[in-house]
Undergrad: 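Here it is: the structure, laid out below.
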There are 2 protein chains.
Amino acid sequence: MPDSNTCLTPRLRLKAGDTIALGPGKAQLLELIQQHRSISAAARAMKMSYRRAWLLVDTMNTCFENPLVLTATGGNQGGGAELSDEGLKVLALYRQYENAVSERPELTELASLLSKNT
Amino acid sequence: MPDSNTCLTPRLRLKAGDTIALGPGKAQLLELIQQHRSISAAARAMKMSYRRAWLLVDTMNTCFENPLVLTATGGNQGGGAELSDEGLKVLALYRQYENAVSERPELTELASLLSKNT
DNA sequence: TCTCCTTATATCCGTATGTATATAGCGGTA
DNA sequence: TACCGCTATATACATACGGATATAAGGAGA
């Protein structure tokens, strides 16, 4: 038997008021923006429309005191984007949080109660 | 100043495969079902359609090895519902999990970076 | 100055999700 | 035996979310 039968994966989203400030999708987007130095390239990598990616970035930037993503327009590459110091910090904290959350004993106990055919 | 400015509330959903086995809504539904001993009363309390409540119960019952909600039809009250032992256990574990997760230091640190006008 | 690729933004449309509504069946109790 | 209120289920409809598309603007470099 390989291993991963009856597995529970926690998904964590942080709500500020009634808008989701951060979640799995936004975190991955941040990561890809930093990798590609571009919102549109990150969107393509996630097979997500640029519109959606831009909206996600926009809500993150307005949710937090300082923008997480810094953008520039123009230039020979048309512009680009990268994470601000605060963006890097937020991403790191979220990943750290995710790790802590996914290692709790309640998870494995809940997983043991799952049905086999998943 | 009262208190709760710049507050982050974590929302935790547990995915089994690609279906959400448990989340904030389903947990609250379980709680209300146990309180009212009725799916429809619980749905009304959450201002949710009976159909939706029933679908949530159905996915929970099929996600887990044993049903979390036991139902009965007929009788002078028309029937009713209550949590199984496994349902009670799952709910308790989820609440415990929630508590642990909402007390992590990363949360308060992230919250301190939020914008004021939320 | 022209080109290029990106950010930024608006409009339109399809799909998917949930609500509303209707109906059948069940089985204690009066 | 008739009633009642619930579970269980189907169908039709509204609405919201995301994708596709179009367009403007920006600015470094050739």
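Here the structure is a predicted model, which means the values were calculated and not measured. We name chains A, B, ... by the order of the sequence lines, and we start the count at 1 in each one.
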Undergrad: Would you find more than 12 non-hydrogen atoms of other residues, nucleotides or ligands less than 6.0 Å from B/K15 atom NZ?
TA: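 Buried by this count: over 12 neighbours within 6.0 Å.
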Undergrad: Do B/L83 and B/L70 have side-chain heavy atoms sitting under 4.5 Å apart?
TA: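 A side-chain contact is absent here, since even the closest heavy-atom pair is not under 4.5 Å.
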Undergrad: What I want to find out is whether B/E86 reaches B/K89 closely enough, with some N-O distance under 4.0 Å, to be called a salt bridge.
TA: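 B/K89 and B/E86: not salt-bridged.
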Undergrad: If the test is side-chain contact (heavy atoms from CB on, under 4.5 Å), which one of A/D58, A/L30, A/L29 qualifies with A/V69?
TA: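 Output: one option passes, namely A/L30.
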Undergrad: Mind listing the residues from residues 49-56 of chain A sitting with a heavy atom below 4.0 Å of DNA chain D? Number order is fine.
TA: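 Those residues are A/S49, A/R51, A/R52.
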Undergrad: Would you say that more than 12 heavy atoms from the other residues, nucleotides or ligands in this model lie under 6.0 Å from the CG of B/D85, or not?
TA: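 Not buried by this count: 12 neighbours or fewer within 6.0 Å.
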Undergrad: Check for me, please, whether B/L55 and B/Y50 land in the same ILVMFWY cluster - side-chain distances under 4.5 Å, paths through other members count.
TA: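 Yes, one cluster joins them.
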Undergrad: Just so I know, are the side chains of B/L107 and B/P10 near enough to count as touching, which here means a heavy-atom distance under 4.5 Å?
TA: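 Side-chain contact under 4.5 Å: yes.
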Undergrad: Check every nucleotide of DNA chain D for an atom under 4.0 Å from a heavy-atom of chain A, then give the first and the last such nucleotide from 5' to 3'.
TA: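 Contact boundaries, 5' end first: D/dG18 to D/dG29.
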Undergrad: Contact between A/C63 and A/T19 at the side-chain level, heavy atoms closer than 4.5 Å - yes or no?
TA: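 In contact.
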Undergrad: Base, sugar-phosphate alone, or nothing: which one does B/A41 contact when heavy atoms must sit under 4.0 Å apart?
TA: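 Here B/A41 touches no strand at all.
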Undergrad: For A/G75 and A/D58, find the nucleotide of DNA chain C closest to each by heavy atoms; which residue's nucleotide sits nearer the 5' end?
TA: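 So the residue in question is A/G75.
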Undergrad: Nearest 0.5 Å please: distance from the CZ atom of B/R13 over to the CG atom of A/L12.
TA: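 Nearest 0.5 Å value for the CZ-CG distance: 11.0 Å.
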Undergrad: For A/E106, run the side-chain contact (heavy atoms from CB on, under 4.5 Å) check against B/R95, B/E98, B/Q96 and tell me which one passes.
TA: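 Running side-chain contact (heavy atoms from CB on, under 4.5 Å) over B/R95, B/E98, B/Q96 with A/E106 returns exactly one hit, B/Q96.
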Undergrad: Nearest heavy atom decides the nucleotide; on that basis, is B/S40 or B/N76 closer to the 5' end of DNA chain D?
TA: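 The residue whose closest nucleotide sits nearer the 5' end is B/N76.
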Undergrad: Need two values: the first and the last nucleotide of DNA chain C, 5' to 3', having an atom under 4.0 Å from any heavy-atom of chain A.
TA: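 Extent of the interface on DNA chain C: C/dC5 to C/dT11.
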